[in-house]
Enquirer: 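Below is the structure I would like to discuss, written out as structure tokens.
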Amino acid sequence: MKKGYKQLLDEANAEIEVVSPEQAAHLLDDPETIFVDLRDPRELQREGQIPGAEHCPRGMLEFWIDPESPYHKAFFSSGKAFVFFCAGGWRSALATKTAQDMGLEPVKHILGGFTAWKQAGLPVTMPEKKG
């Protein structure tokens, strides 16, 4: 193996902006900032969500960002700032680096992810049960 996940994370974190959950919370009501939840839908159902966050499964990120993709989502072309997060901060670090490499800006991610957000006692909403 040429690079393991630890090296990829170290490289990503050296090039991206990282914010604490508390710093991110100050952006929650900013209409010029979009929070992007990269977790699996089952994680959202089980753990809850940051209020108002857009959901983008990590596997779709590149396709949703690229305006030439048939899967493009308009919120990624809004010209707003983006705060990415996942459960623990690993997927969001790599996703933030990818988004930045694709030209999306400004982008940052939450250190420790949604787990750290919840541990800090910050707002969480539970999605409506499907079915």
Side-chain angles (χ1 to χ4, degrees):
M1 181 172 299
K2 291 185 179 185
K3 285 186 186 182
Y5 78 94
K6 290 179 183 176
Q7 185 177 350
L8 289 171
L9 286 169
D10 288 345
E11 290 173 2
N13 281 313
E15 294 184 35
I16 61 175
E17 184 177 351
V18 180
V19 294
S20 70
E22 294 81 6
Q23 290 169 315
H26 289 294
L27 300 169
L28 198 55
D29 293 325
D30 179 0
E32 295 303 310
T33 301
I34 297 174
F35 281 66
V36 180
D37 191 333
L38 299 161
R39 296 173 300 146
D40 179 277
R42 291 178 300 259
E43 292 175 280
L44 275 67
Q45 288 293 323
R46 184 176 61 241
E47 302 292 329
Q49 305 167 269
I50 293 177
E54 294 284 350
H55 180 237
C56 174
R58 175 59 189 97
M60 294 303 294
L61 182 69
E62 293 84 350
F63 305 101
W64 286 19
I65 289 174
D66 188 344
E68 294 183 19
S69 165
Y71 300 105
H72 175 68
K73 298 293 183 188
F75 70 87
F76 280 117
S77 294
S78 65
K80 296 183 179 186
F82 295 89
V83 178
F84 291 97
F85 66 96
C86 61
W90 292 1
R91 288 173 286 180
S92 59
L94 298 176
T96 301
K97 171 78 166 72
T98 296
Q100 186 170 286
D101 289 349
M102 291 179 74
L104 193 67
E105 58 181 24
V107 294
K108 56 189 81 170
H109 93 107
I110 300 174
L111 181 66
F114 187 72
T115 301
W117 179 275
K118 282 180 73 171
Q119 288 173 344
L122 296 167
V124 173
T125 59
M126 293 303 292
E128 291 185 25
K129 298 286 183 190
K130 295 182 179 180

Enquirer: Hey, does the side chain of E43 reach the backbone of D40 with a donor-acceptor pair shorter than 3.5 angstrom?
Expert: yes
Enquirer: For D30 and T33: C-alpha separation, side-chain torsions, deciding distance, then whether side-chain hydrogen bond (donor to acceptor under 3.5 Å, both in side chains) applies.
Expert: CA-CA 6 Å; D30 179 0; T33 301; 3.0 Å; yes
Enquirer: Do I34 and Y71 sit in the same hydrophobic cluster, where Ile, Leu, Val, Met, Phe, Trp and Tyr count as joined when their side-chain heavy atoms come under 4.5 Å apart?
Expert: yes
Enquirer: Can you give me the closest heavy-atom contact between P21 and A120, atom names plus distance?
Expert: CB-CB, 4.4 Å
Enquirer: Side-chain heavy atoms nearer than 4.5 Å, only ILVMFWY residues, links allowed to pass through others: does that put W90 and F85 together?
Expert: no
Enquirer: If Ile, Leu, Val, Met, Phe, Trp and Tyr residues are connected whenever their side-chain heavy atoms lie under 4.5 Å apart, and connections chain through other members, are W64 and L104 in the same group?
Expert: yes
Enquirer: List the steps and the verdict of salt bridge (Lys or Arg N to Asp or Glu O under 4.0 Å) for E11 and K6.
Expert: CA-CA 9 Å; E11 290 173 2; K6 290 179 183 176; over 6 Å; no
Enquirer: Should M60 and L94 be regarded as members of a common hydrophobic cluster, given that ILVMFWY residues are connected when their side-chain heavy atoms come within less than 4.5 Å of each other, either directly or indirectly?
Expert: no
Enquirer: So do Q49 and M126 actually touch side chain to side chain, heavy atoms under 4.5 Å?
Expert: no
Enquirer: Side-chain polar contacts of residues 76-84 - donor-acceptor pairs under 3.5 angstrom, sequence neighbours left out - could you list them?
Expert:
from: S77; atom 1: OG; to: H72; atom 2: NE2; distance (Å): 2.8
from: S78; atom 1: OG; to: F75; atom 2: O; distance (Å): 2.9
from: S78; atom 1: OG; to: K80; atom 2: N; distance (Å): 3.2
from: K80; atom 1: NZ; to: P31; atom 2: O; distance (Å): 3.0

Enquirer: Which other residues belong to the hydrophobic cluster containing L111, where Ile, Leu, Val, Met, Phe, Trp and Tyr are joined when side-chain heavy atoms lie under 4.5 Å apart, directly or via other members?
Expert: I16, V18
Enquirer: Any idea which heavy atoms bring H109 and S92 closest together, and the distance?
Expert: ND1-OG, 2.8 Å
Enquirer: Write out all pairs satisfying side chain to side chain donor-acceptor pair (under 3.5 Å) with one or both partners inside residues 116-127, taking only residues at least two apart or from two chains.
Expert: E47-K118
Enquirer: Measuring only between side-chain heavy atoms, which start at C-beta, is K108 closer than 4.5 Å to L27?
Expert: yes
